[in-house]
Amino acid sequence: MKIAFSPCPNDTFIFHAWVHGLIPGAPELDVRYADIDITNGLAASPIGPEIPDVMKISYAALPYVLDKYALLPAGGALGRGCGPLVLTASGTTDPAYLSGRRVAVPSERSTAYMLFRLWAAQNVPGGVGEIVVMPFDQIMPAVRDGLIDAGLVIHEARFTYQNYDLKLMTDLGNWWEEDTGLPIPLGAIIARRDLDAQALAGWARASVEYAWAHPDESRAYVMEHAQEMDPDVAAQHIDLYVNEFSANLGDDGYGAITALLGRAMKEGLVPEFNLSLLRI
């Protein structure tokens, strides 16, 4: 079975057991490691033999592909205190600073960018200027060097942005949680609708639970793909992004997804779709 997920520590930690044949009855995996912007594009492509059967995409991309793919209730990333950050070199915390300025984002179909657009609509008079899409690992250097006025960053950048002498304008996770009381939907695990979604979700959940029960077993695999990340940062990354929602979305998880995508539909940020398609 073909699967695609990112080389980030949370994904490799979650899928280590399944990838290494440690989940009884689970099919062997042919893994493609790809950043979420790539998998968002793969999911939007016509289904074919080269397209993964299962993949990790952004929740912001989900409305575009629900006709072909089902959302699995295990293996993904939701949480609290783990939202995207808006960074500047200036140190200002006034959102009006962004009016008419250049802002770098990691993807136009990312949950981070969706949250940013919802926040900016409420807080940036006149709207931001140019949106520049660039690989997430290039955003902080670009802001530091004055090539970009502000950057929207994700993942381990929340632990390392001070190393670039950057300052926090706002934590979009805190904004979302204060506004809704709900966790933030970040990365979704999807599977082709002609596959057994319940079985796939069960294997993904078993892989998460194995990782929690045997945390040391995945360490070498995680660090092999962690792009020279410091081991302590990788551990923080896993602790933040692998949580109860990784094992089971539950009512709070589905409620958060419905709230985010429902609001995005209302604002015209995603195409309209039937919210009942979110559950298998």
Side-chain angles (χ1 to χ4, degrees), residues 5-14 16 33-39 56 58-60 76-93 95 97-98 101-108 110-116 119 131-177 183-187 211 215 218-243 246:
F5 53 81
S6 83
C8 293
N10 61 310
D11 286 346
T12 49
F13 180 80
I14 284 173
H16 164 263
Y33 301 97
D35 289 334
I36 206 162
D37 196 32
I38 293 174
T39 54
K56 171 97 170 273
S58 169
Y59 271 106
L78 287 83
R80 300 181 185 276
C82 61
L85 308 179
V86 180
L87 305 176
T88 70
S90 72
T92 180
T93 57
Y97 170 81
L98 299 180
R101 294 185 184 268
R102 301 179 80 218
V103 179
V105 303
S107 170
E108 289 187 316
S110 66
T111 305
Y113 185 46
M114 178 182 286
L115 284 169
F116 176 76
W119 170 81
I131 295 296
V132 180
V133 178
M134 61 175 58
F136 76 90
D137 61 337
Q138 296 179 20
I139 291 177
M140 290 190 292
V143 178
R144 176 196 62 198
D145 297 340
L147 303 175
I148 295 292
D149 297 307
L152 179 67
V153 301
I154 55 177
H155 298 326
E156 66 274 5
R158 70 166 37 245
F159 309 120
T160 61
Y161 71 85
Q162 297 93 337
N163 298 341
Y164 295 83
D165 199 27
L166 300 181
K167 307 298 188 297
L168 176 66
M169 172 175 281
T170 192
D171 183 326
L172 294 179
N174 289 346
W175 168 76
W176 171 258
E177 291 177 48
I184 310 161
L186 297 169
S218 63
R219 185 167 292 122
Y221 175 63
V222 168
M223 294 312 301
E224 175 188 352
H225 296 280
Q227 301 175 350
E228 301 182 5
M229 189 185 300
D230 181 272
D232 290 338
V233 174
Q236 288 178 289
H237 186 111
I238 292 167
D239 288 344
L240 189 59
Y241 293 105
V242 184
N243 52 46
S246 304

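We're numbering straight along the sequence, starting at 1. Atoms considered below: every heavy atom in the structure, side chains included; atoms not considered: hydrogens, waters and symmetry mates.
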Counting only N and O atoms by type, is there a donor-acceptor contact under 3.5 Å from the side chain of Asp230 to the main-chain atoms of Asp232?
yes
Any non-hydrogen side-chain atom of Thr12 less than 4.5 Å from a side-chain atom of Ser218?
no
Partner of Met169 under side chain to side chain contact (heavy atoms under 4.5 Å, CB included), picked from Leu85, Leu152, Leu87, Thr88, is Thr88
Spell out, as yes or no, whether a donor-acceptor pair under 3.5 Å connects the side chain of Asp149 to the backbone of Val103.
no
Once rounded to the nearest 0.5 Å, what's the spacing between atom CG of Leu168 and atom CG of Asn174?
8.5 Å
Closest heavy-atom pair, Met134 versus Ala142, reported as atoms and distance to 0.1 Å, is SD-CB, 4.0 Å
When rounded to the nearest 0.5 Å, the distance separating NE2 of His237 from CG of Leu240 is 8.0 Å
Straight-line distance of Trp176 CH2 to Thr111 OG1, nearest 0.5 Å
10.0 Å
Main chain of Tyr113, side chain of Ser110: is a donor-acceptor contact present, judged purely on distance under 3.5 Å?
yes
For residues Ile184 and Tyr59, determine if any side-chain heavy atom of one lies less than 4.5 Å from a side-chain heavy atom of the other.
no
Under 4.5 Å between any side-chain heavy atoms of Ile14 and Ser246, yes or no?
yes
Using the side chain to side chain contact (heavy atoms under 4.5 Å, CB included) definition, which of the options Arg219, Glu224, Met223 pairs with Tyr221?
Glu224
Would the distance check show the side chain of Arg144 and the main-chain N or O of Leu166 forming a donor-acceptor pair, the cut-off being under 3.5 Å?
no
For Arg158 and Val153, run side-chain contact (heavy atoms from CB on, under 4.5 Å): C-alpha distance rounded to whole Å, both residues' side-chain angles, the deciding distance at 0.1 Å, then the answer.
CA-CA 7 Å; Arg158 70 166 37 245; Val153 301; over 6 Å; no
Under a 3.5 Å distance rule, please check whether Ser58 uses its side chain to pair with a backbone N or O of Gly187 as donor and acceptor.
no
Within 6.0 angstrom of Asp165 CG, more than 12 heavy atoms from elsewhere:
no
Is the closest side-chain heavy-atom distance between Tyr164 and Val143 below 4.5 Å?
no
Is the Phe5 ring parallel, tilted or perpendicular to the Tyr33 ring (thresholds 30°, 60°)?
perpendicular
Between CG on residue Leu172 and SG on residue Cys82, distance to nearest 0.5 Å
12.0 Å
Determine whether Ile139 and Ile148 satisfy the following criterion, side-chain contact (heavy atoms from CB on, under 4.5 Å), listing intermediate values before the conclusion.
CA-CA 8 Å; Ile139 291 177; Ile148 295 292; over 6 Å; no
Polar side-chain atom of Asn243 near backbone of Leu78 as donor-acceptor pair, under 3.5 Å
yes
Which distance, rounded to the nearest 0.5 Å, do you find between the CD1 of Ile36 and the CG of Asp11?
7.5 Å
Counting only N and O atoms by type, is there a donor-acceptor contact under 3.5 Å from the side chain of Asp171 to the main-chain atoms of Gly173?
yes
Test item: Pro135 and Asp35 side chains (from C-beta on) under 4.5 Å apart, heavy atoms:
no
Can you confirm whether Ser90 sits close enough to Tyr97 that some side-chain heavy atom of one is under 4.5 Å from a side-chain heavy atom of the other?
yes
How long is the straight-line distance from OG of Ser6 back to CG of Asp37, given to the nearest 0.5 Å?
12.5 Å
Between Glu177 and Arg80, the two heavy atoms sitting closest are OE2-CA, 3.3 Å
